[in-house]
J.: 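This structure is in structure tokens; I'll ask about it shortly.
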Protein chains: 2
Amino acid sequence: MALKEQKREITINDIAKELNISPSTVSRALNDNAKISEATKEKVKAVAQDLGYELNLVASSLSKNKTNVIGVIIPNIGSQFFAKALSGIQEVARANGYNVIICQTNESVQQEVDMTRVMNSARVDGLVCCLTMETKDVGHFDVFTKKGIPVAMFDRVSYAVPGPKIVVDNYEAAYTATEHLINLGCKRVAHLAGTTSSKVFCDRTEGFKDALQKNDLPLLPQYLLSSDLTEQDARDAVRIWMNLPDKPDGIVAASASSGLIISAAAKSAGVRLPEDLSIISLGNERCNEFVTPSLSAVDMPGYDMGKSAVEQLIKCIKSEKVDSSITLKPIQLLIRNSSFKH
Amino acid sequence: MALKEQKREITINDIAKELNISPSTVSRALNDNAKISEATKEKVKAVAQDLGYELNLVASSLSKNKTNVIGVIIPNIGSQFFAKALSGIQEVARANGYNVIICQTNESVQQEVDMTRVMNSARVDGLVCCLTMETKDVGHFDVFTKKGIPVAMFDRVSYAVPGPKIVVDNYEAAYTATEHLINLGCKRVAHLAGTTSSKVFCDRTEGFKDALQKNDLPLLPQYLLSSDLTEQDARDAVRIWMNLPDKPDGIVAASASSGLIISAAAKSAGVRLPEDLSIISLGNERCNEFVTPSLSAVDMPGYDMGKSAVEQLIKCIKSEKVDSSITLKPIQLLIRNSSFKH
DNA sequence: TTGAAAGCGCTAACAT
DNA sequence: ATGTTAGCGCTTTCAA
């Protein structure tokens, strides 16, 4: 136990006194203001260093009415997609001198609403956001829009909120994945879909349906299961499908995690992969390479999306214009052994 | 493109004018000060709501000399251990009204040093930190210690910095894992160790060595490989070991990721798991359950460690005492098929 | 090139 | 129970 030492922080006033100059000169010198002589700058910086001065960002923010902080609201850090996005966000932010404050919503709309209030109170200069799967109403972003604080959204976005959007074509992702299975020779392709309240998952479902139709395959209702994509949902889906008289011979999983579970469940049910059943997941995780058979996937570029979101956001902050451009990031079909034609 | 609207923020002064009372009364009312009449509080809150007032945390922080922000410095968000820790940190922080600003060091000491400066400038109320594998000198934390700002460290800690420490017994983890393989009948147990500049990995190596010794197994130098645990390192290790006349029949991997790669590499080299080779990794990831054979591991409780770190930190912040207690979190041996006795 | 002074929005000691 | 006032540390007009 050590008592808190009451060493007051060094301020620009301390530096000013030390040099017998005014605080404003010190401030300007430290900020490399053009009108300050090199001599003064050097002296000021030397003393600052000597005294161990560090800018008080709180005071600076208050007086500049700018915090240099970007707020990030994401559903959960646990998913590799978001972890990568966060890395991208972090890196670009830091490289541009922004700090990042982060909140997870855990897919709860209420938490999302709460978090926007926190971000507003913190007076962030901009917001990067991926909505929860359930977010319908986006009124909680109005406060930023009204103040001209830009909000960049990625992946799960709402076009009702102005600001840059970074997305992938989820329809195409599912279409490509489904067609890949069909090209492999699959005749009975099933889809474990996500919640219908999320556009991302609706698009994926549409892509799935259209791929079947374009390839003259019937869409059997029992082959299209919608769920929250929990572990249990995935296991249930496999159980249901494998008890059908006409078992599917191909499965498109709406998420990376459900794909992994489907594959594991099918395997332990004695289904031979990929001979009897091909599987592909929408969303790729590191693990997909390690399982047996390795799991094919459509990769969504998380890192890139996070990176672009902040880049666009900073552009808005700097220009004081809110640009509602849409950036479509390319997806990538990763064919692995779970869907390999022999 | 929308032009930034210049709507000034609502302040307590606006509320004060509206009600013909003083700003301090407003401030007190909003903060539920005991000396303010219920009637006034209600009026103030009603008007605040009406006007869409939101506390300016920047101004509040400056005047209170307290930001309600906790800084977090971690090596990388990509690892599941840190992602979980971050979740724990986030949750406890938010539940206690703290915001969290996060920086990744990417295992770079220089970045770690830079990040401490940022955190200092941001005047965080406390710091949660997991050191890089290479951090030796910890002078960059002195600035916090001197000011009485608590620094809680977890996993990779330095006892040279005062403050709570949340750790696991890495010696025990490796000892337990190694002995588990020995009990299985393994006679030639190898260890892919991490860098010797990190205490965590040194402890693990010691645990490995001692388990061999206590069980009267020789420690052959070629069975103990130290590395940075990159993907390439893991592959190289497998190649080296599998070309030995006396191939190991058990491997203890110093990290979760290296364990997964070792297992995959061994499999594709045609080694039968677990018949010819048992594998266990120190650190568990979701993926360990999904690979074939499922990969045994010693689980390190990331979520719990993050949670405790913040709990202890907040205790220090509130009491204005820096408590250097050490919390040892229990580890868990997860026996899966990669080390299963038949 | 530098200084003086006001102000960012809130809090808190002191007064009433 | 409420008002007055000063101040947190910095930036920024305006003046010199």
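In this text the structure is predicted, and so the values were computed from the model without any measurement. As a basis for the values below, the full set of heavy atoms in this structure was taken, side chains included, without hydrogen atoms, waters or symmetry mates. Residue numbers begin at 1 in each chain, while the letters A, B, ... track the order of the sequences.
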J.: Inspect the surroundings of NZ in B/Lys199 and state if more than 12 heavy atoms from other residues, nucleotides or ligands are less than 6.0 Å away.
T.: no

J.: Using the rule given for side-chain contact (heavy atoms from CB on, under 4.5 Å), can you reason through A/Ile89 versus A/Lys307, listing the C-alpha separation, both sets of side-chain angles and the distance that settles it, and then say yes or no?
T.: CA-CA 5 Å; A/Ile89 289 168; A/Lys307 200 162 161 285; over 6 Å; no

J.: Name the closest nucleotide to the B/Tyr53 side chain, picking from C/dT1, C/dC10, D/dT11.
T.: C/dC10

J.: In whole angstrom, what separates B/Leu62's CG from D/dG9's P?
T.: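 Answer to the nearest Å: 7 Å.
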
J.: OP1 or OP2 of D/dT2 sitting under 4.0 Å from any side-chain N/O of B/Ser22?
T.: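 Answer is no, no contact under 4.0 Å.
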
J.: Closer than 4.0 Å, any side-chain N/O of B/Ser37 to the OP1 or OP2 of D/dT2?
T.: yes

J.: How bent is the helix from C/dT1-D/dA16 to C/dT16-D/dA1, comparing axes over its five end pairs at each side, to the nearest 10°?
T.: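 Result, rounded to 10 degrees: 30°.
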
J.: Within this structure, what is the CD1-to-C1' distance between B/Ile15 and D/dT2, rounded to whole angstrom?
T.: 16 Å

J.: Can you work out whether B/Ala59 or B/Arg28 has the more 5'-proximal nearest nucleotide on DNA chain C?
T.: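 The residue whose closest nucleotide sits nearer the 5' end is B/Ala59.
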
J.: Give me the atom names and distance for the closest heavy-atom approach of B/Ser198 to B/Arg156.
T.: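 Closest approach of B/Ser198 to B/Arg156: OG-CG, 4.3 Å.
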
J.: Would you kindly give the CD1-to-C1' distance between B/Ile10 and C/dC8, to the nearest whole Å?
T.: 16 Å

J.: For the base of D/dT4, is there a side-chain donor-acceptor partner from B/Ser24 under 3.5 Å away?
T.: yes

J.: To the nearest Å, how far apart are A/Asn56 CG and C/dC8 P?
T.: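 Going from A/Asn56 (CG) to C/dC8 (P), I get 18 Å.
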
J.: Taking for each residue the nucleotide of DNA chain D with the nearest heavy atom, is it B/Pro23 or A/Val58 whose nucleotide lies nearer the 5' end?
T.: B/Pro23

J.: At less than 4.0 Å, is any side-chain N or O atom of A/Thr11 found next to OP1 or OP2 of D/dC8? Yes or no.
T.: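 Answer no for this pair, as no side-chain N or O of A/Thr11 is under 4.0 Å from OP1 or OP2.
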
J.: Look at the side-chain N and O atoms of B/Ser61 and state whether any lies under 4.0 Å from the OP1 or OP2 oxygen of D/dC8.
T.: no

J.: In whole angstrom, what separates A/Ile21's CD1 from D/dC10's P?
T.: 14 Å

J.: Below 4.0 angstrom from OP1 or OP2 of C/dG9, is there any side-chain N or O of B/Asn13?
T.: no

J.: Could you check which of D/dT11, C/dT1, C/dG3 has an atom nearest any side-chain atom of A/Ile12?
T.: D/dT11

J.: Using whole Å, what does the distance between atom C1' of nucleotide C/dT16 and atom NZ of B/Lys35 come to?
T.: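 Computing the B/Lys35:NZ to C/dT16:C1' distance gives 13 Å.
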
J.: Reckon B/Ser63 has a side-chain N or O less than 4.0 Å from the OP1 or OP2 of C/dC10?
T.: no

J.: Could you tell me how the ring of A/Phe82 sits relative to the ring of A/Phe154: parallel (under 30°), tilted (30 to 60°) or perpendicular (over 60°)?
T.: perpendicular

J.: In whole Å, I'd like the distance from the CZ atom of B/Arg123 to the P atom of D/dC10.
T.: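 Result: 7 Å.
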
J.: Quick check for you: among D/dT2, D/dT11, C/dT1, whose closest atom lies nearest to any side-chain atom of A/Lys64?
T.: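 Output: D/dT11.
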
J.: Report the distance from atom CG of B/Asn65 to atom P of D/dC10, rounded to the nearest whole Å.
T.: 12 Å

J.: Are B/Lys45 and B/Asp32 ion-paired here, with the side-chain N under 4.0 Å from a carboxylate O?
T.: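 Looking at B/Asp32 together with B/Lys45, the answer is yes, because their closest N to O distance falls below 4.0 Å.
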
J.: Phosphate oxygens OP1/OP2 of C/dG3: is one of them under 4.0 Å from a side-chain N or O of A/Thr25?
T.: yes

J.: When rounded to the nearest 0.5 angstrom, what is the spacing between CD1 in A/Ile102 and CE in A/Met119?
T.: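 One gets 8.5 Å once the value is rounded to the nearest 0.5 Å.
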
